[in-house]
Amino acid sequence: MKKSVFALVSSVVVLGTALAGCGGGGDAAKPAEQPAAGNNSGTAAPAPEKSSEPKVLRINLHSEPPTADPGLAEDSTSGTVVRAAFDGLTRTGGDGKPMNSAAESVEVSQDLKTYTFKIRDAKWSNGDPVTAKDFEYAWKRVLDPKTAANYAYQLYYIKNGEKANKGEVGLDQVGVKALDDKTLQVELENPTPYFLELTSFYTYFPVDQKVVSADPKWATEAKTHVGNGPFKLESWEHKSKLVLVKNDNYWDKDAVKLDKIEFSMVEDENTELSMFDNGELDWAGAPFSSLPTDAIPALKESGKMTIQPIAGTYWYKFNTEKPPFNNVKIRKAFAYAIDRQSIIDNVTQTNQKPAMGAVPDSMSLNPNGYFKDHDVETAKTLLAEGMKELGLTKLPPVTLSYNTSEGHKKIAEAIQDQWKKTLGVDVKLENTEWKVYIENLHQGKFQIGRMGWLGDFNDPINFLELFKEKNGGNNDTRWENPKFKELLNKSALEGDAEKRKAILKEAEAVMMEDMPVMPIYFYTNSWVKKDEVKGVQVDGLGQVDFKWATIEK
């Protein structure tokens, strides 16, 4: 899922969301009025209404969303807004499983490669009808090389999706077609048991073709933004405040209890917690922001804080094209030298687990990991060997970059100190605000850069495929390995689940041997909220949905 903006935030409730046995032509996902119980922030089905007052949920989003366009969204901040303002063919329920949403039914072919969706009667927030053609247009728009969508690879499961994105075939060859206004047919490259999870992810959301084709900047302001979800944008004061209101054109509007969601954008976590304590916010912390690390012990002691393990990995990326991190031994030296447990015990403090691999515990391929935490002697040996290979007697200046956050800063300072003590290396710290930071990473303007990855769907491939292509949309490391790529391609053709898992484990081992990223810990979400806030759904992937949320007073 998406890049994580925060340090202590972001995706365990038990996952197990991949669908099995989707063949036979029947409905593969049944519609439901409410998600099944299982979220950690209140019951899925709100109690009877107790007040006629407008129900307003006030949350801090921490930073400006880079976009409100589902085709361009690639981070958890943008995803929070997009998920509220749009509706996919399916929508994830409280049990973590996809249910029919914009699609009222779906039939799957016997070979599990053709999906036929029936689009329900629904309208865009501007009153236009939602049609199958909007989905076809949206998906081909993401795959169009001219769009330069970093998440285009999420659509490579569709027949000729990858070839179209690389300009090898025309978009008319992509396996998605509106047979009529109400029927969308999708052909896949290979059977994909988690495809109905993918259709609930924002890269697969529709856009109003008429609006998008007429105005390239349609998603940058509230007055021009059009969605088909439970809420719509009412106002957007950039870097200050964003307001969503109930969308009366939404097909399932009766299930939506909130009248308004007000997002402030305060970067300082201490200020955010003070706003919560003063009654200015109804929620503080993940998955929208993070709690100040200094406050965590007292919040844990008070019993007011919720901690939820999620399917995500906090890691540092190396720019493998810039010295000295073009040398694998030096990359591994920096990774091995970190004392992860110390960071968890003394900095993050919310029950994270040290990450000794890229794939999180909930879908782990190798529970024992691929290296030891805080392996100082091996790190020193590798650093000396790597420097000798590069002909260096002294390392060039090293900079560790992170996006502005008190939590990121404290983690970076702790690791900076560890590298100084164990390796004798001086590292400079550099922080920038999120939108600038993520652009710098994409352009390769970094040596070591903080990032996190939260699962978009419940399968290890989601954490590995990021690094398949050197120039892939989210592979800022510039690393590529032919063996790794071969194994991922092989896994896509393997129908036996255990054999496929073994292939992916081998791929992860190749990745950890080359160390383009250094995993630090597996995420937990931690937050505090007002008792009257019910039904905000935070699933095991750290994805949030306000559709069923309410305020009980």
| Thr313 (side chain) donor-acceptor with Phe522 (main chain) under 3.5 angstrom | no
| Do NZ/NE/NH1/NH2 and the carboxylate oxygens of Asp252 and Arg120 come within less than 4.0 Å? | no
| Are any of the side-chain heavy atoms of Val266 and His62 separated by less than 4.5 Å? | no
| task | For residues Met305 and Ser526, determine if any side-chain heavy atom of one lies less than 4.5 Å from a side-chain heavy atom of the other. | result | yes
| task | Please work out whether the ring planes of His238 and Trp236 are parallel, tilted or perpendicular, with thresholds of 30° and 60°. | result | tilted
| said: For Asp180 and Thr183: C-alpha separation, side-chain torsions, deciding distance, then whether side-chain hydrogen bond (donor to acceptor under 3.5 Å, both in side chains) applies. | reply: CA-CA 5 Å; Asp180 54 49; Thr183 311; 2.9 Å; yes
| Any chance the side chains of Asp75 and Ser78 put a donor and an acceptor closer than 3.5 Å? | yes
| query | Taking atom types as modelled and ignoring hydrogens, do the side chains of Thr404 and Asn431 form a donor-acceptor contact shorter than 3.5 angstrom? | reply | yes
| Is the count of non-hydrogen atoms from other residues, nucleotides or ligands lying under 6.0 Å from Lys182 atom NZ greater than 12? | yes
| message | So if I apply the ring-ring contact (aromatic ring centres under 6.0 Å, His included) rule between Tyr115 and each of Tyr157, Phe195, Phe135, which one comes out positive? | response | Phe195
| Would you call the rings of Tyr314 and Tyr316 parallel, tilted or perpendicular if under 30° counts as parallel and over 60° as perpendicular? | tilted
| note | All heavy atoms of Val142 vs all of Ala149, minimum pair found to be O-CB, 3.7 Å
| message | Donor-acceptor pair, distance only, cut-off 3.5 Å: does the side chain of His225 make one with the backbone of Ala68? | response | yes
| task | Check whether any side-chain heavy atom of Asn462 sits under 4.5 Å from a side-chain heavy atom of Asp459, and report yes or no. | result | no
| said: Would you say Tyr250 and Lys547 are linked by a side-chain donor-acceptor pair, where the criterion is simply a distance under 3.5 Å? | reply: yes
| Ring centroid separation Trp283 to Phe276 under 6.0 Å | no
| field | Side chains of Gln209 and Ser213, donor plus acceptor under 3.5 Å | value | no
| message | Run the salt bridge (Lys or Arg N to Asp or Glu O under 4.0 Å) test against Lys410 and tell me which residues pass, sequence neighbours left out. | response | Asp294
| Exercise: do Glu552 and Thr550 side chains pair donor with acceptor under 3.5 Å | no
| request: Taking the six-membered ring for Trp and the single ring otherwise, decide whether the centroids of Tyr437 and Tyr402 are under 6.0 Å apart. | output: no
| query | Taking side chain as C-beta onward, heavy atoms only, is Gln185 less than 4.5 Å from Val176? | reply | no
| request: Could you tell me whether Lys353 and Asp361 have a side-chain N and a carboxylate O separated by less than 4.0 Å? | output: yes
| message | For Ile551 and Val533: C-alpha separation, side-chain torsions, deciding distance, then whether side-chain contact (heavy atoms from CB on, under 4.5 Å) applies. | response | CA-CA 5 Å; Ile551 305 287; Val533 177; 3.8 Å; yes
| Residues, nucleotides or ligands: over 12 heavy atoms within 6.0 Å of Asp531 CG | no
| query | Does a side-chain heavy-atom distance below 4.5 Å link Tyr137 with Asp208? | reply | no
| message | Can a side-chain donor-acceptor contact be found between Glu439 and Trp434 if the only test is distance below 3.5 angstrom? | response | no
| side-chain contact (heavy atoms from CB on, under 4.5 Å) between Phe201 and Phe457, worked out | CA-CA 8 Å; Phe201 186 63; Phe457 52 95; over 6 Å; no
| said: Under the criterion side-chain contact (heavy atoms from CB on, under 4.5 Å), I'd like the reasoning laid out for Asp87 against Phe205: C-alpha separation, chi angles, the key distance, then a yes or no. | reply: CA-CA 6 Å; Asp87 205 29; Phe205 289 175; over 6 Å; no
| query | Shortest non-hydrogen contact from Leu454 to Phe463? | reply | C-CZ, 4.1 Å
| side-chain hydrogen bond (donor to acceptor under 3.5 Å, both in side chains): which pairs involve residues 263-273, sequence neighbours left out? | Asn60-Ser264, Asn60-Glu272, Asp268-Thr271, Glu269-Ser290, Glu269-Ser405, Glu272-Ser289
| task | Write down the atom of Gln352, the atom of Thr524, and the distance for their closest heavy-atom approach. | result | NE2-OG1, 3.5 Å
| Distance only, no hydrogens: is a donor on one side chain within 3.5 Å (strictly under) of an acceptor on the other, for Ser235 and Lys241? | no
| Would you call Asp128 and Lys123 a salt bridge, using N to O less than 4.0 angstrom? | no
| field | Distance-minimising heavy-atom pair for Val256 and Pro230 | value | CG2-CB, 3.7 Å
| task | Decide yes or no for Arg450 and Asn403: does some side-chain heavy atom of the first lie under 4.5 Å from some side-chain heavy atom of the second? | result | yes
| Do the side chains of Thr77 and Glu64 get nearer than 4.5 Å, heavy atoms only? | no
| note | What one should report as the nearest heavy-atom pair of Leu184 and Ala132 is CD1-O, 3.6 Å
| Taking atom types as modelled, is there a side-chain donor on His408 or Glu413 under 3.5 Å from an acceptor on the other? | no
| message | Name the residue from Val130, Val211, Asn249 that meets the side-chain contact (heavy atoms from CB on, under 4.5 Å) definition with Trp124. | response | Val130
| task | Kindly indicate whether the side chain of Val82, heavy atoms from C-beta on, has any atom under 4.5 Å from the side chain of Asp69. | result | no
| field | Nearest-0.5 Å distance, CG of residue Asp282 to CE of residue Met275 | value | 10.5 Å
| remark: The ring-ring contact (aromatic ring centres under 6.0 Å, His included) partner of Tyr204 among Phe86, Phe117, Tyr151, Trp139 is Trp139
| salt bridge (Lys or Arg N to Asp or Glu O under 4.0 Å) between Lys246 and Asp259, intermediate numbers included | CA-CA 5 Å; Lys246 182 176 179 177; Asp259 296 294; 5.9 Å; no
| Asp248 bridged to Lys253 by N-O distance under 4.0 Å | no
| request: Using the test side chain to side chain contact (heavy atoms under 4.5 Å, CB included), find all partners of Gln341 that sit at least two apart in sequence or belong to another chain. | output: Asp339, Ile344, Asp345, Pro354, Asp373
| message | Let's go through Ser101 and Thr90 carefully: what are the C-alpha distance in whole Å and the side-chain angles of both, what is the deciding distance for side-chain hydrogen bond (donor to acceptor under 3.5 Å, both in side chains) to 0.1 Å, and is it a yes or a no? | response | CA-CA 5 Å; Ser101 202; Thr90 56; over 6 Å; no
| said: Quick one about Ser200 and Thr92 (side-chain donor to acceptor, distance below 3.5 Å, no hydrogens or angles considered), yes or no? | reply: yes
| query | What do the steps show when you test Trp315 against Trp453 for ring pair (Phe, Tyr, Trp, His ring centres under 6.0 Å), and what is the final call? | reply | CA-CA 8 Å; Trp315 53 38; Trp453 193 260; 7.3 Å; no
| Has Lys133 got more than 12 heavy atoms of other residues, nucleotides or ligands less than 6.0 Å from its NZ? | no
| request: For Thr306 and Val528, run side-chain contact (heavy atoms from CB on, under 4.5 Å): C-alpha distance rounded to whole Å, both residues' side-chain angles, the deciding distance at 0.1 Å, then the answer. | output: CA-CA 6 Å; Thr306 296; Val528 291; over 6 Å; no
| query | Under 6.0 Å between the ring centres of Phe546 and Phe288? | reply | yes
| remark: The reported gap from NZ in Lys210 to CG in Asn126 (rounded to nearest 0.5 angstrom) is 6.0 Å
| Non-hydrogen atoms of Ile307 and Pro309 that approach each other most closely | O-CD, 4.1 Å
